[in-house]
Amino acid sequence: MSRRRAAVATLALALLAAGCTSSRDGGHVTPPAASAPGVPAAPAPDDSCNARASLRPSGALPAAGRMPAGTHMAEIQKRGRLILGTSQDTLLFSSRNPFTGRIEGFDVDMGRQIAQAVFGDPDKIQIKVIGYDQRVELAANGTVDLVADTMTVNCDRRADVDFSTVYYEAGQRVLVAKESPAQTIEDLGGKRVCAVSGSTSLGNIAQIKTRPQPVGRAGWADCLVAFQQNEVDAISTDDTILAGLAAQDPYAKVIGPKFTSEPYAMAISKQYPEFTRFVNQVLEKNKADGTWKRTYQTWLGDFGPAPAAPKAAYR
Ligand code: GLU
């Protein structure tokens, strides 16, 4: 079996196992607990906004290459490329293809489809590899036009950036050693559990009532190395990311149901509300004309048929 086939097969099993889920919309299953020293607890869920509700598209989608004057889309067109912020180590979402050197995956295709809508050419895109803890800042200050990076839309982040409508539904699970008796995150009380600094995952670990110890690292590959060197007992993050990590480690397994809901959306500076509306219009079109489904099948199709695309919500 090729490495990619093996990776995809493991990913399929992990995602299929996740079919039995107890996820709740944007919430946490357990009440807040004190965090480990040096690790900020996840902020209490903010119910004052509907995190999924984005800006409604207005008017007809402008033709590619004819972006309306005075808009951020026109600035992107003038620049000649869309700048996408993403990671390079998230298998099937945004990871470097070792044969071509290109960064590719479901998240990258979300960006390429916006470039297609602006220019009529999906290749007019510059990918900036960014850290997970830079996603909000670099979208907010306009360093990148878009962040598509397994990024959960939530109310705390939405205080600083706008988000597109949701394009993928993930949820947090746990990766442990194959011989571990643990069956859920709750069974890891007192154990060291790795997640990336700046991810929602790290704060979610701190909220588990049996008190696993959250350990922050710079990236998911760093968590995997820490796990393999016995510096941590487990890794916990979105099922999508964990499945990619499990595919790289035959001695690891993904356990338990999803215990959070992690809806992915693209982050965009609040300076360009017209661009958020444009992105949402492109997402609407691509969900309706089968492009979203084809993108799912390209990257995740080995897990079975594509689910219905997440429904857009507007405020
Ligand atoms: N989806 C979560 C987040 O946006 C965790 C995974 C990640 O860091 O990308 O924080």
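Ligands are counted one by one from 1 in listed order, and the atoms in each one are counted from 1 as well. All residue numbers refer to positions in the sequence shown, counting from 1.
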**OP:** Mind checking ring-ring contact (aromatic ring centres under 6.0 Å, His included) for Y272 and listing every partner two or more places apart, or none if nothing turns up?
**Re:** H72

Original post:
Contact residues of ligand 1 with a heavy-atom cut-off of under 4.0 Å?
Top reply: Y132, R135, D149, T150, M151, T152, R157, S199, T200, S201, W220, T237, D238, I241, Y264

**OP:** Could you list the residues that satisfy side chain to side chain contact (heavy atoms under 4.5 Å, CB included) with Q229, not counting sequence neighbours?
**Re:** V225, E231

Original post:
Does one side chain, of S87 or S94, offer a donor that lies under 3.5 Å from an acceptor on the other?
Top reply: yes

Subject >> Set of residues satisfying side chain to side chain contact (heavy atoms under 4.5 Å, CB included) with respect to R102, sequence neighbours excluded >> reply: T100, R112, D123

Subject >> Distance-only donor-acceptor check, side chains Y264 and T240, under 3.5 Å >> reply: yes

Original post:
Side-chain contact, heavy-atom cut-off 4.5 Å: E104 with W299?
Top reply: yes

